[in-house]
Amino acid sequence: MKRPRTVVLNGDLGSGKTTVSVMLADRLGVRRVSIGDLYRRMAAEHGMTALQFNLHSELDDKVDHYIDQLQHDIAASGERLVVDSRLAWHFFTDALKVHLIADPAVAARRVLARPGDAVENYASVEEAGRQLAGRSESERQRFLARYGVDKNDLRNYDLVCDTTRANPEQVVARIVDMLETPASALPTPACHLDPNRVRPAAVTDDDGEIVVHHQAPHFFAIRGQRRLSAAVRAGETMTAMVLTSGTAAAAAGPPVR
């Protein structure tokens, strides 16, 4: 096995980043760094919930400056790491950039099942869903304004894994496979998506590999309907798919709702 590059993980709230990053660091024998854990400690020190601290960070850029400098310093150290951070992909330029996604309803149920605390506590699945969506959009707008990057653009990443039904071991296996595969042999990003979540576009070609258009949080198949249907029947939890360009998606017409 090649000596691993640093792996940076980000993705949807409730997508399993902590569990996957801990397992991956153990598998690779490298240290794990969690910017998310730091962010939660800072929220607690300010006496705020995670959502309140996100909104506070929109107004006070000192929070982001501090975390940015920390990530710059970690990246400059050259140490091989697993980094759990929603913006590390922007700072660790030569790392393997992994993005985890999950169906919003599944993500809400996962975070509701966690032990609550002063920083993150929800009374219902509906409240969890609303707060997760609010935190995600707050981060997205902040990153757009301060860095000019859109965390929802999947082309920022090398590997996208849908954890809606996949277990953490399956996700770790995909990441390790990616580390061992020459970059030239894979599409960018390499997408492993839950076939049950992919909807047909208005015009879907039956043949060939599965090609999808992303319109967050949904995916629409514009090619490979036969292969997609077979994956659903087989009960696959993650299936290799290709992310299309906006031009190809436009040619397929609007998605079927």
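Here, residue 1 is the first one in the sequence, and each next residue gets the next number.
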Exercise. Got a second to check how far Ile175's CD1 is from Glu180's CD, nearest 0.5 Å?
Worked result: 12.5 Å
Exercise. Between Arg174 (side chain) and Cys191 (backbone), is there a donor-acceptor pair under 3.5 Å?
Worked result: no
Problem set entry | Passing option when Val176 is tested against Leu24, Thr181, Val7, Val171 for side-chain contact (heavy atoms from CB on, under 4.5 Å) | Leu24
For this session: Give, for atom NE2 of His65 and atom NZ of Lys62, the distance between the pair rounded to the nearest 0.5 Å.
Result: 9.0 Å
Problem set entry | Close side-chain approach of Trp89 and Val98, heavy atoms under 4.5 Å | no
Exercise. Cut-off 3.5 Å, side chains only: do Lys17 and Ser34 have a donor facing an acceptor?
Worked result: no
Exercise. Does His218 use its side chain to pair, donor to acceptor, with the backbone of His214 at less than 3.5 Å?
Worked result: no
For this session: Output yes when a side-chain donor or acceptor of Ser229 lies under 3.5 Å from a complementary backbone atom of Gln225, and no otherwise.
Result: yes
Problem set entry | Contact summary for Gly224 and Ile210, nearest pair of heavy atoms | O-CG1, 3.7 Å
Exercise. Do the side chains of Val198 and Val106 join up, straight or via other hydrophobic residues, at under 4.5 Å, putting them in one cluster?
Worked result: no
Problem set entry | Salt bridge flag under 4.0 Å for residues Arg197 and Asp162 | yes
For this session: Tell me, with the steps shown, if Leu87 and Asn10 meet side-chain contact (heavy atoms from CB on, under 4.5 Å).
Result: CA-CA 7 Å; Leu87 199 58; Asn10 83 321; over 6 Å; no
Exercise. With a cut-off of 6.0 Å (strictly less than), are more than 12 heavy atoms of other residues, nucleotides or ligands near OH of Tyr66?
Worked result: no
Problem set entry | Arg140/Glu137 under salt bridge (Lys or Arg N to Asp or Glu O under 4.0 Å): CA gap, chis, key distance, verdict | CA-CA 5 Å; Arg140 180 172 179 266; Glu137 185 58 21; 3.7 Å; yes
Problem set entry | For the student: nearest non-hydrogen atoms of Ala43 and Thr49, plus distance | CB-O, 4.3 Å
For this session: Give the minimum heavy-atom separation between Ala95 and Val8, together with the two atoms involved.
Result: CB-CG1, 4.0 Å
For this session: Start with the C-alpha gap between Leu70 and Leu38, add the side-chain angles, then the distance that decides, and say whether side-chain contact (heavy atoms from CB on, under 4.5 Å) holds.
Result: CA-CA 11 Å; Leu70 178 65; Leu38 170 63; 3.3 Å; yes
For this session: Give the intermediate values and the outcome of ring pair (Phe, Tyr, Trp, His ring centres under 6.0 Å) for residues His90 and Tyr147.
Result: CA-CA 9 Å; His90 184 58; Tyr147 311 102; 5.7 Å; yes
Exercise. Where do Ser15 and Asp12 come nearest, in terms of heavy atoms and distance?
Worked result: OG-O, 2.6 Å
Exercise. Under a 4.5 Å cut-off applied to non-hydrogen side-chain atoms, are Val212 and Phe220 in contact?
Worked result: no
Problem set entry | Close side-chain approach of Phe219 and Ile101, heavy atoms under 4.5 Å | yes
Exercise. Between His99 and Tyr157, what is the ring plane arrangement, given parallel below 30°, perpendicular above 60°, and tilted in between?
Worked result: parallel
Exercise. In terms of side-chain geometry, is the basic nitrogen of Glu236 or Arg227 positioned less than 4.0 Å from the acidic oxygen of its partner?
Worked result: yes
Exercise. Measuring from Leu55:CG to Arg142:CZ, what's the distance to the nearest 0.5 Å?
Worked result: 9.0 Å
Problem set entry | Minimum heavy-atom distance between Arg31 and Val33, given as atom pair plus value | NH1-CG2, 3.7 Å
Exercise. Between the main-chain N or O of Ala231 and the side-chain N or O of Thr239, is there a donor-acceptor pair closer than 3.5 Å?
Worked result: no
For this session: Using modelled atom types only, decide if a donor and an acceptor are shared between the side chain of Gln141 and the backbone of Ser138 within a distance under 3.5 Å.
Result: no
For this session: Please answer whether the main-chain N or O of Ala123 pairs with a side-chain N or O of Glu127 as donor and acceptor at a distance below 3.5 Å.
Result: yes
Exercise. With clusters built from Ile, Leu, Val, Met, Phe, Trp and Tyr whose side-chain heavy atoms come within less than 4.5 Å, directly or transitively, what are the remaining members of the cluster of Leu13, listed by chain and number?
Worked result: Val111, Leu112, Tyr122, Val125, Leu132
For this session: Look at the side chain of Ser77 and the backbone N and O of Ile74, then say whether any donor-acceptor pair between them is shorter than 3.5 Å.
Result: yes
Exercise. Hey, are the side chains of Asn196 and Thr164 touching, using non-hydrogen atoms and a 4.5 Å cut-off?
Worked result: no
Exercise. Same cluster for Leu154 and Phe143 if Ile/Leu/Val/Met/Phe/Trp/Tyr side chains link at under 4.5 Å?
Worked result: yes
For this session: Check the pair Thr237 / Gln170 against side-chain contact (heavy atoms from CB on, under 4.5 Å), numbers first and verdict last.
Result: CA-CA 9 Å; Thr237 57; Gln170 290 173 302; 3.2 Å; yes
Seminar exercise, completed: When every non-hydrogen atom of Cys161 is compared with those of Met238, the smallest separation belongs to CB-SD, 4.0 Å
Exercise. Just wondering, do Asp61 and Arg146 contact through their side chains at under 4.5 Å, heavy atoms?
Worked result: yes
Exercise. Is any side-chain N of the basic residue among Lys97 and Asp158 closer than 4.0 Å to the acidic one's carboxylate O?
Worked result: no
Exercise. Nearest 0.5 Å, what's the CG-CG distance between Asn156 and Asp153?
Worked result: 4.5 Å
For this session: Take Phe92 and Val83 through the side-chain contact (heavy atoms from CB on, under 4.5 Å) test and state the conclusion after the steps.
Result: CA-CA 9 Å; Phe92 289 74; Val83 182; 4.0 Å; yes
Exercise. Measuring from Asp68:CG to Asp73:CG, what's the distance to the nearest 0.5 Å?
Worked result: 11.0 Å
Problem set entry | Spacing of CD belonging to Gln69 relative to CG belonging to Asp64, to within rounding of 0.5 Å | 13.0 Å
Exercise. Given side chains that start at C-beta, do those of Thr6 and Val82 come closer than 4.5 Å, heavy atoms only?
Worked result: no
Exercise. Do we see a donor-acceptor contact under 3.5 Å between the side chains of Thr163 and Arg110?
Worked result: yes
Problem set entry | Residue pair Ile222 / Thr244, side-chain heavy-atom distance below 4.5 Å | yes
Problem set entry | Validation row: Glu209, Val211 side chains within 4.5 angstrom (heavy atoms) | yes
Exercise. Under 3.5 Å, is there a donor-acceptor pair between the Ser21 and Arg32 side chains?
Worked result: yes
